[in-house]
Amino acid sequence: MADKFDFKAAEARWQSAWAAAGSFAADDHSPRPRTYVLEMFPYPSGRIHMGHVRNYTMGDCLARTRRAQGFEVLHPMGWDSFGMPAENAAIERGVHPGNWTRDNIAAMRAQLKRLGFAFDWGRELSTCEPEYYGHEQALFLDLLAAGLVYRKDSAVNWDPVDMTVLANEQVIDGRGWRSGAIVERRRLNQWFMRITDFADDLLAGLQTLDDWPDKVRLMQENWIGRSQGLRFSFAVADSDSSFDVFTTRPDTLFGASFAALAPEHPIARALAESSPGLAAFIAECRAGGTATADIEGQDKKGYDTGLCVIHPLDDSIRLPLFVANFVLMDYGTGAIFGCPAHDQRDLDFARKYQLPVTRVVAPEGEAETAITDTAYTGPGRLVHSGFLDGLDVDAAKATVIARAESAGWGEGTIVWRLRDWGVSRQRYWGTPIPIIHCNACGAVPVPRDELPVILPEDVSFDIPGSPLAHHPTWKHVACPACGKPALRDTDTLDTFVNSSWYFIRFASAPVDQPFDRAVAEQWLPVGQYIGGVEHAILHLLYARFWTLALNRIGRLGVTEPFAGLFTQGMVTHETYSRDGGEGVATRYFSPDEIDRDGSGATLKADGLGVAVGRIIKMSKSKRNTVDPDTILVKYGADAVRWFVLSDSPPERDLAWSDAGIEGAARFVQRVWRLASEPRPIIGIGIGIGRGEDLKLARIVHRCIAAITADLDRLQFNKAVARLYELVSAIERAEPSTIRDDAIPTLLRLIAPMTPHLAEEAWATLGQPGMIIDAGWPLADPLLLLDDMVTIAIQINGKLKDSFEAAKGADRAAIEAAVLMRDKVVRALAGKAPQKIIVVPDRLVNLVA
RNA sequence: GUGGACGUGGCGAAACCGGUAGACGCAGCAGACUUAAAAUCUGCUUCCCCCUGUGGGAGUGCGGGUUCGAGUCCCGCCGUCCGCACCA
């Protein structure tokens with residue numbers, strides 16, 4: 001009996017063997033075809049979680065497969081190591097963010113190494129180190145010089161107690177998450193990146209990304225939000241002021257019954273100075289506006305300014321001008337015209353303030369149907385619209401735009417939902433913005449030879465507010481332009497900036513510049529990028545933007561960073577809980593406090609039952625997490641890797657279960673037995689020439705072809721099923737030379753998934769070298785063909801029988817064979833079928 | 001509200017261009033080996049009916065349709081999940 005697979009020894013042995021051989025170092029000068037496999041790099045929060053394990057196992061499996069197939073593979077790993085959790089740890093536990101982060105990185109790196117991932121550790125980077133962010137500062141200045149970075153006033157969420165800016169997610173019910181203080185909106189002067197300059201390119205580029213999920217492309221498309229319409233000017237009656245509005249429905253202009261301004265609109269604010277009522281209304285809107293999501297229930301509210309605007313198509317028509325809470329300052333022009341009959345919001349508003357509702361678009365044959373409480377937004381022809389009457393909607397839009405342009409009061413235009421990216425953060429743990437503010441010279445870039453601007457580590461978190469702003473000396477510098485005393489910008493860059501170009505730095509990381517264009521372009525774009533859907537919009541959009549921006553300023557010849565994108569599902573687990581009773585919070589228990597059997601679960605501590613709840617994403621608050629380290633010690637890296645690739649399709653959620661990981665561990669041992677079982681001694685006529693096994697050879701080659709195709713499409717679960725079949729077939733086969741060959745072939749196919757097992761078994765079989773260098777098996781086309789096929793027999797589309805026939809048999813022979821089958825004769829009861837449909841080598845359908 | 005995805009056994013899932021639904025795994029049941037257990041191996045496992053066999057019927061969320069033939073295509077519902085959310 002063979003020994004059990006000693007995963008602990010094998011993992012250590014092969015991980016150091018790969019490291020010693022430099023097996024995963026990507027060679028910039030390789031003559032082989034290149035491919036770049038990348039998983040989204042982690043934030044170093046402290047520990048690897050199962051979601052990481054799943055993500056990196058998929059990438060690893062692909063990287064190893066590509067390497068075996070002869071590619072020079074770039075498969076790097078690094079750390080997205082700036083961010084708020086480090087600052088929170090500093091505030092809560094008094095540890096320095098840098099120490100906290102670097103300790104976490106060391107721990108997580110060790111965890112990743114124990115999982116045996118084929119990373120090129122020589123290219124490891126950490127965004128919180130000056131060797132990385134210094135180059136980011138240089139690129140920031142490049143973009144500034146190119147006009148793609150600018151400064152403007154912008155509103156932020158300000159926590160008056162913590163004296164800090166809050167992200168939207170940190171504002172809960174209008175209060176700071178930590179202080180509980182009511183959040184104020186403050187206007188600060190901040191840096192912006194001109195992503196809107198690329199709105200067109202970002203949208204058009206999506207069409208070229210065939211290997212992206214449709215879902216993500218659609219989400220980005222909606223986020224960019226292109227609207228085509230008319231921008232025109234309303235003159236305010238009896239005054240010289242006017243303002244612009246944007247509409248996608250210029251055809252409905254004759255249905256207008258009011259105009260409305262956003263509460264933050266400059267004209268509204270100007271009017272408020274002489275109108276206490278309006279000022280109060282604007283203040284009221286601002287109070288309600290902070291809580292973002294529950295706008296749903298909010299009523300349409302308006303304030304009648306008493307002024308009128310002049311209708312652009314007929315200056316005898318005057319429309320009342322309102323300030324209204326549902327008009328957004330940051331979309332379009334912050335002002336609208338209201339056409340109640342054809343816009344639901346306008347209709348709600350008009351009903352509330354008794355404004356006229358005039359239908360101007362009518363579907364064929366329904367011209368005079370009155371609008372009641374539902375606006376009509378469908379197609380139709382124009383009515384009650386003067387020179388537009390009888391035109392369809394599209395023709396009417398074009399006619400109005402043409403008239404506006406020739407008369408000079410408006411123009412056809414495109415409006416985007418996408419807004420410029422504010423990158424200033426009033427935070428410590430981030431990339432310092434390399435700017436010096438001088439009273440005389442304004443915002444002056446830090447000279448290139450003074451980069452990097454190093455984030456000082458001797459800071460205090462004792463007083464509220466930004467440690468950078470409080471630092472006694474750091475911000476005080478001489479202006480590089482005039483030499484007078486000046487101040488550094490004490491803001492840092494949004495962490496999304498760090499992740500917007502790291503994939504380029506992985507491809508090329510010279511000391512003296514962000515990247516070498518020629519070297520980077522050898523690897524880019526990333527062939528396969530793998531990560532969670534939660535980054536479908538922001539990270540992926542920003543990275544695309546940076547790539548386009550670097551392209552525009554001539555630093556990079558690539559326009560899309562990620563040719564292929566895959567978004568994997570989450571790792572989930574059952575929850576275990578006890579209801580605390582009235583007024584007491586539900587208690588959750590972690591899986592290792594629980595005994596689970598088929599029917600229910602009990603708590604180990606007291607032997608009493610607990611409720612088994614829904615299978616949801618692993619989270620600390622529901623205590624349904626499983627620590628990869630515990631699993632690794634108990635079952636080994638290969639079992640974990642095998643399990644996270646099994647069962648669920650990679651894009652769907654994977655439910656973690658003890659039974660599942662145990663099954664995976666059993667399978668690892670099963671494969672080990674195949675390779676390690678005592679083999680007949682070669683020589684003296686025994687053990688060689690034991691004959692052929694064509695059936696097994698066919699199965700082996702079908703599996704090679706199928707597994708190769710499955711891995712190509714990242715369908716790991718299907719490859720896993722095929723490998724089970726192959727193992728099973730080899731186990732059952734009688735000894736033969738085919739069987740002896742099948743085992744190393746199996747090992748090569750399984751190596752990307754369970755690499756330590758594969759190496760160990762490969763060595764045990766006495767195969768030459770390491771399996772990592774053994775290449776990928778190729779399917780023999782001749783063995784993929786079968787000479788016999790099973791043909792199904794249907795009568796009226798229902799399966800009745802089936803039989804074996806020679807592949808490629810002709811119709812007449814097949815028909816004759818079918819008509820002689822007992823069951824067919826019985827079912828037809830003497831009658832001839834009306835029609836016989838023959839699908840070659842597949843089935844015959846008799847229509848009775 | 002709006003855009004999208006999905007819905008197949010006890011569970012996770014397969015099923016190519018419309019062509020034998022449930023591969024493969026988990027759980028379960030029965031058996032072999034064992035003093036016993038673990039491990040391992042073999043067999044069964046969609047549901048219902050009966051004349052219990054080389055038998056019959058139903059079946060992919062529900063209701064229609066197209067087709068010789070629909071899990072797959074079309075129309076209408078229901079449900080679940082995700083994104084966006086007053087976008088003019």
Side-chain angles (χ1 to χ4, degrees), chain A residues 1 4 213-216 218-223 225-227 229-230 245-249 252 260 262 289 292-296 298-300 324-328 330-339 342-346 348-349 415-419 533-534 536-537 597-599 615 642-643 646-649 651-655 657-664 666-667 669-670 673 709 715 717-728 731-732 790-802 822-823 833-848:
Chain A
M1 188 61 190
K4 288 190 78 175
D214 290 343
K215 179 173 69 173
V216 175
L218 193 69
M219 281 163 74
Q220 292 216 349
E221 196 180 311
N222 292 338
W223 188 263
R226 181 182 196 272
S227 294
L230 171 70
V245 300
F246 172 75
T247 177
T248 56
R249 294 297 302 272
T252 64
T292 36
D294 47 9
I295 299 159
E296 177 91 344
Q298 216 167 318
D299 252 4
K300 305 273 175 290
N325 66 343
F326 68 95
V327 182
L328 306 175
D330 47 22
Y331 181 79
T333 61
I336 60 157
F337 85 86
C339 175
H342 305 291
D343 182 285
Q344 192 59 46
R345 287 161 313 177
D346 295 349
D348 295 344
F349 189 80
V415 159
W416 305 89
R417 202 192 92 105
L418 185 69
R419 285 181 277 147
V533 238
E534 65 272 22
I537 296 175
D597 63 31
S599 53
I615 297 177
W642 183 256
F643 178 65
S646 309
D647 288 351
S648 285
E651 69 278 11
R652 247 184 264 181
D653 290 352
L654 172 74
S657 71
D658 288 349
I661 182 67
E662 275 162 21
R666 276 202 301 274
F667 177 74
Q669 294 297 340
R670 203 172 141 196
R673 279 195 296 277
Q715 296 177 327
N717 58 320
K718 287 160 73 175
V720 162
R722 289 292 186 170
L723 283 162
Y724 272 110
E725 284 179 50
L726 181 55
V727 166
S728 185
E731 282 172 344
R732 287 151 195 263
T790 306
I791 293 184
I793 303 173
Q794 296 179 335
I795 293 178
N796 293 330
K798 298 206 174 199
L799 181 70
K800 291 291 169 187
D801 198 3
S802 66
D822 279 355
K823 289 185 189 172
Q834 293 174 11
K835 195 171 168 188
I836 304 178
I837 286 141
V838 179
V839 183
D841 295 338
R842 275 216 99 120
L843 66 68
V844 176
N845 189 15
L846 306 173
V847 185

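Given the structure is predicted, the values throughout are model-derived calculations rather than measurements.
- Nucleotides B:C73 and B:U60 have their P atoms positioned 15 Å apart, rounded to a whole Å.
- Between B:C41, B:C86, B:A21, one nucleotide has an atom nearer to the side chain of A:Arg673 than all others, and that is B:C41.
- Between A:Phe326 atom CZ and B:A88 atom C1' the separation is 8 Å, expressed in whole Å.
- Using a 4.0 Å heavy-atom criterion, one finds that A:Gln794 contacts the bases of the nucleic acid, with or without backbone contacts as well.
- Between A:Lys798 and the phosphate of B:A58, there is a side-chain N or O to OP1/OP2 separation shorter than 4.0 Å.
- Here B:G25 presents its P atom at 7 Å from CZ of A:Arg670, a figure rounded to the nearest Å.
- In this structure, A:Tyr331 atom OH and B:A88 atom C1' are separated by 7 Å, rounded to whole Å.
- When each of B:G83, B:C41, B:A88 is scored by its nearest atom to the side-chain atoms of A:Glu731, the top-ranked nucleotide is B:C41.
- Checked options A:Arg732, A:Glu725, A:Glu731; the residue passing with A:Ser728 is A:Arg732 (criterion: side chain to side chain donor-acceptor pair (under 3.5 Å)).
- Of all non-hydrogen atoms in A:Ser648 and A:Asp653, the two that sit nearest each other are OG-O, 3.1 Å.
- The CD atom of A:Glu662 sits 13 Å away from the C1' atom of B:A39 (whole-angstrom rounding).
- Across all strands, A:Asn845 comes closer than 4.0 Å to base atoms (heavy-atom distances).
- The separation of B:G19 from B:C26, taken at their P atoms, amounts to 29 Å, rounded to a whole angstrom.
- Classified by interplanar angle (parallel below 30°, tilted 30° to 60°, perpendicular above 60°), the ring pair A:Phe667/A:Tyr724 is tilted.
- Counting any heavy atom pair closer than 4.0 Å across all strands shown, A:Leu218 reaches sugar-phosphate atoms only and no base atom.
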Would you sketch RNA chain B in dot-bracket for me? Only Watson-Crick or G-U wobble pairs with both distances under 3.5 Å count, crossing pairs as [ ], other-strand pairs as |, the rest as dots. (((((((..(((......[....))).(((((.......))))).(((((..).))))..(((((..]....))))))))))))....
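- A:Arg419 meets the salt bridge (Lys or Arg N to Asp or Glu O under 4.0 Å) test with A:Asp330; sequence neighbours excluded.
- Taking the P atom of each, B:U2 and B:C77 are spaced 12 Å apart, rounded to whole Å.
- When the P atom is used for both B:G25 and B:C78, the distance is 40 Å, rounded to whole Å.
- A:Val327 comes within 4.0 angstrom of a base, heavy atoms only.
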Using a cutoff of under 3.5 Å, can you pull out all pairs of nitrogen or oxygen atoms linking the protein to nucleotides 12-16 of chain B, with atom names and distances?
from: B:G12; atom 1: O2'; to: A:Ser648; atom 2: OG; distance (Å): 3.0
from: B:G12; atom 1: N2; to: A:Asp647; atom 2: OD1; distance (Å): 3.4
from: B:A14; atom 1: OP1; to: A:Asn717; atom 2: ND2; distance (Å): 3.1
from: B:A15; atom 1: OP1; to: A:Lys718; atom 2: NZ; distance (Å): 2.4

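- The nearest heavy atom of RNA chain B to A:Arg732 and to A:Ser728 marks one nucleotide each, and the one closer to the 5' end goes with A:Ser728.
- When rounded to the nearest whole Å, the span between CG of A:Leu846 and P of B:U67 equals 20 Å.
- Considering every non-hydrogen atom in both A:Arg345 and A:Lys300, the closest pair reads CG-CE, 3.5 Å.
- In this entry the distance linking CG of A:Leu799 with P of B:G56 reads 11 Å, nearest Å.
- Summarising the geometry, the separation between CD on A:Gln344 and C1' on B:A88 is reported as 14 Å, rounded to the nearest angstrom.
- Under the 3.5 Å distance criterion, the side-chain polar atoms of A:Gln220 are matched with a main-chain donor or acceptor of A:Ala536.
- Residue A:Ser802 is classed as having no contact, given no heavy-atom separation below 4.0 Å to the nucleic acid.
- The residue A:Val847 sits close only to the backbone: its heavy atoms come under 4.0 Å of sugar-phosphate atoms, none of a base.
- Heavy atoms of A:Thr790 sit under 4.0 angstrom from at least one base atom.
- Residue contacts shown for A:Tyr724 are limited to sugar-phosphate atoms, with no base heavy atom under 4.0 Å away.
- Nucleotide B:C26 holds its P atom 11 Å from the CZ atom of A:Phe643, rounded to whole Å.
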